[in-house]
Participant: 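Let me give you the structure first, and then I'll get to my questions.
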Amino acid sequence: MEFFCYHRDRPGSLTLRNELVEEHWSYMDRYAEELIARGPTFADDETPTGSVHIVDLPDAATARAFAFDEPNYQAGAYRDVLLRRWRNLLGRTMWEFPGDRTGGNRYLVLGLGSGRPADLAVPPDRDELIAYGPLLSDDGATWLGTAVLLTASDPDTARAVLTPDRYAGVEVHDWDFGGRR
């Protein structure tokens, strides 16, 4: 089962995050084979604002343990956690992304919604997509939104990957490849 996990930073937690960076990476190293994508999100001034992890785990209980046993969460660096079932519509990891990992702008786009599902098919401009898939209920039966990692020229172009007016809200965050894999 694939899960999307987004830990959002608590304001003022940068010092704590910096102190725990090796513990965080060591923790994630334990899941190296299960990770589909990972990396930090940033504010305009490059301050970290969160941490994305897309991971393939056996069940929801294991996913909850993954999210809530994470060292930054345990130490109070994160203010909240978005944890949802997810479906990897690209069928690859971020390490298999054929595009440039070092140049350009990268974004996390989160479309949160309810009702009739939207954006269940991979858009035709697949070359810019790093990860793409629906956010789902715990049982995987109900669509709750869409999560996308992609390269784009700017936040508005990144946002346009999702169908306008089909979401209660769309968030766009600067994102970068993470980890040491």
Side-chain angles (χ1 to χ4, degrees), residues 1-88 90 92-97 99-112 129-136 138 144-152 155 158 171-181:
M1 290 181 187
E2 297 157 336
F3 294 88
F4 176 87
C5 180
Y6 184 38
H7 292 94
R8 295 175 194 264
D9 282 21
R10 183 177 307 284
S13 66
L14 181 59
T15 300
L16 182 56
R17 273 184 62 127
N18 287 338
E19 290 171 4
L20 295 170
V21 71
E22 182 57 38
E23 286 181 60
H24 168 77
W25 284 353
S26 294
Y27 181 80
M28 290 302 154
D29 287 348
R30 295 174 25 202
Y31 295 93
E33 295 304 313
E34 292 85 5
L35 284 165
I36 296 166
R38 69 182 284 193
T41 58
F42 298 95
D44 291 339
D45 66 359
E46 298 299 313
T47 301
T49 58
S51 192
V52 172
H53 298 94
I54 303 174
V55 62
D56 190 358
L57 296 169
D59 53 47
T62 305
R64 282 189 291 279
F66 167 83
F68 296 110
D69 290 345
E70 193 279 335
N72 286 314
Y73 180 82
Q74 287 292 309
Y78 297 135
R79 70 178 166 100
D80 62 55
V81 179
L82 173 65
L83 180 63
R84 294 284 183 261
R85 290 272 304 270
W86 188 75
R87 188 172 307 123
N88 185 356
L90 297 178
R92 66 176 185 229
T93 70
M94 74 177 202
W95 297 275
E96 298 165 315
F97 171 62
D100 184 4
R101 287 188 56 180
T102 58
N105 301 317
R106 287 165 299 283
Y107 299 96
L108 162 65
V109 180
L110 279 176
L112 304 176
L129 300 176
I130 299 164
Y132 186 96
L135 299 168
L136 304 166
D138 287 348
L144 301 174
T146 306
V148 184
L149 299 173
L150 76 158
T151 61
E171 302 174 13
V172 179
H173 304 270
D174 288 343
W175 174 83
D176 205 355
F177 287 90
R180 55 180 168 206
R181 182 171 174 170

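All residue numbers in this chain count up from 1 along the given sequence. The basis for the numbers below is simple: all heavy atoms, side chains too, and nothing from hydrogens, waters or symmetry mates. Fair warning: this is a prediction, and the values are worked out from it, not measured in the lab.
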Participant: So, for Ile36 and Trp95, which heavy atoms are closest and what is the spacing to 0.1 Å?
Facilitator: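 Looking at all heavy atoms of both residues, the closest pair is O-CZ3, 3.7 Å.
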Participant: Over all heavy atoms of both residues, which pair between Trp175 and Leu108 is shortest? Give the atoms and the distance, please.
Facilitator: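 Smallest heavy-atom distance, with atoms named: CB-N, 3.6 Å.
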Participant: For the pair Arg38 (side chain) and His53 (backbone), establish whether a donor and an acceptor sit closer than 3.5 Å, ignoring hydrogens and angles.
Facilitator: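 No, the answer is negative, given that no donor and acceptor are paired below the 3.5 Å cut-off.
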Participant: Would you mind telling me which of Tyr31, Phe3, Tyr73 makes a ring-ring contact (aromatic ring centres under 6.0 Å, His included) with Phe66?
Facilitator: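 Among Tyr31, Phe3, Tyr73, the one that satisfies the ring-ring contact (aromatic ring centres under 6.0 Å, His included) with Phe66 is Tyr31.
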Participant: Is there side-chain contact between Tyr107 and Pro155, with at least one heavy-atom pair below 4.5 Å?
Facilitator: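 Yes; the side chains approach each other to less than 4.5 Å.
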Participant: Asp176: what forms a side-chain hydrogen bond (donor to acceptor under 3.5 Å, both in side chains) with it, not counting sequence neighbours?
Facilitator: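 Expected list: Arg106.
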Participant: Hey, is the main chain of Gly76 close enough, under 3.5 Å, to the side chain of Arg10 for a donor-acceptor pair?
Facilitator: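 Side chain of Arg10 to backbone of Gly76: a pair is present.
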Participant: Can you tell if the side chain of Val52 reaches within under 4.5 Å of the side chain of Phe4, non-hydrogen atoms only?
Facilitator: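 Counting from C-beta outward, Val52 and Phe4 do come under 4.5 Å.
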Participant: Determine, step by step, whether Asp59 and Thr62 satisfy the side chain to side chain donor-acceptor pair (under 3.5 Å) criterion, reporting the C-alpha distance in whole Å, the side-chain angles of both residues, the deciding distance to 0.1 Å, and the verdict.
Facilitator: CA-CA 5 Å; Asp59 53 47; Thr62 305; 2.8 Å; yes
Participant: Check whether any side-chain heavy atom of Asp174 lies under 4.5 Å from a side-chain heavy atom of Asn105, and answer yes or no.
Facilitator: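 When only atoms from C-beta onward are counted, Asn105 and Asp174 do not touch, as no gap falls below 4.5 Å.
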Participant: Within this structure, what is the CZ-CD1 distance for the pair Phe177 and Ile130, rounded to the nearest 0.5 Å?
Facilitator: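 It is 4.0 Å, given to the nearest 0.5 Å.
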Participant: Under a 3.5 Å cutoff, is there a donor and acceptor pairing between the side chains of Asn18 and Thr15?
Facilitator: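 No, because no side-chain N or O of Asn18 sits under 3.5 Å from a partner of the opposite role on Thr15.
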Participant: Closest approach of Ser51 and Thr41, non-hydrogen atoms and distance?
Facilitator: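 Residues Ser51 and Thr41, closest heavy atoms: N-OG1, 4.3 Å.
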Participant: State, with a plain yes or no, whether a side-chain heavy atom of Leu35 is found less than 4.5 Å away from one of Thr93.
Facilitator: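 No; the side chains remain at least 4.5 Å from each other.
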Participant: Ignoring hydrogens and angles, tell me if any N or O in the side chain of Glu2 forms a donor-acceptor pair with the backbone of Leu57 under 3.5 Å.
Facilitator: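 Flag not set: sc Glu2 to bb Leu57 has no pair under 3.5 Å.
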Participant: Which heavy-atom pair separates Arg84 from Leu136 by the least distance, and what is that distance?
Facilitator: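 Distance-wise, the nearest heavy atoms are CD-O, 3.6 Å.
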Participant: Check Leu83 against Cys5 and note the closest heavy-atom contact, atom names and distance.
Facilitator: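 Of all heavy-atom pairs spanning Leu83 and Cys5, the closest is CD1-CB, 3.9 Å.
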Participant: Please list, chain by chain and in numerical order, all residues satisfying ring pair (Phe, Tyr, Trp, His ring centres under 6.0 Å) with Tyr6, sequence neighbours excluded.
Facilitator: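 Partners of Tyr6 under the ring pair (Phe, Tyr, Trp, His ring centres under 6.0 Å) test: His173.
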Participant: Roughly how far apart are Thr49 OG1 and His7 NE2, rounded to 0.5 Å?
Facilitator: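 Thr49 atom OG1 to His7 atom NE2 measures 13.5 Å (nearest 0.5 Å).
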Participant: Which pairs with one or both residues in residues 64-81 pass salt bridge (charged side-chain N to carboxylate O under 4.0 Å, His left out), sequence neighbours excluded?
Facilitator: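 Every salt bridge (charged side-chain N to carboxylate O under 4.0 Å, His left out) pair that includes a residue of residues 64-81, provided the two are not neighbours, is Arg8-Asp80.
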Participant: Could you report the tightest heavy-atom contact between Val109 and Ala158, atom names first, then the distance?
Facilitator: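 Looking at all heavy atoms of both residues, the shortest contact is CG2-O, 3.6 Å.
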Participant: Show your reasoning for whether side-chain contact (heavy atoms from CB on, under 4.5 Å) applies to Leu135 and Trp86.
Facilitator: CA-CA 5 Å; Leu135 299 168; Trp86 188 75; 3.9 Å; yes
Participant: So, do Asp9 and Arg17 sit near enough that their side-chain heavy atoms are less than 4.5 Å apart?
Facilitator: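 Sidechains of Arg17 and Asp9: in contact.
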Participant: Would you check if Ile54 and Met94 make a side-chain contact, meaning some heavy-atom pair closer than 4.5 Å?
Facilitator: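 No, too far: nothing below the 4.5 Å cut-off.
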Participant: Might you confirm whether atom CZ of Arg87 has over 12 heavy atoms from other residues, nucleotides or ligands at distances under 6.0 Å?
Facilitator: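 No, because the 6.0 Å sphere around CZ of Arg87 holds 12 heavy atoms or fewer from other groups.
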Participant: So do the side chains of Asp56 and Asn88 get within less than 4.5 Å of each other, counting heavy atoms only?
Facilitator: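 No; the side chains remain at least 4.5 Å from each other.
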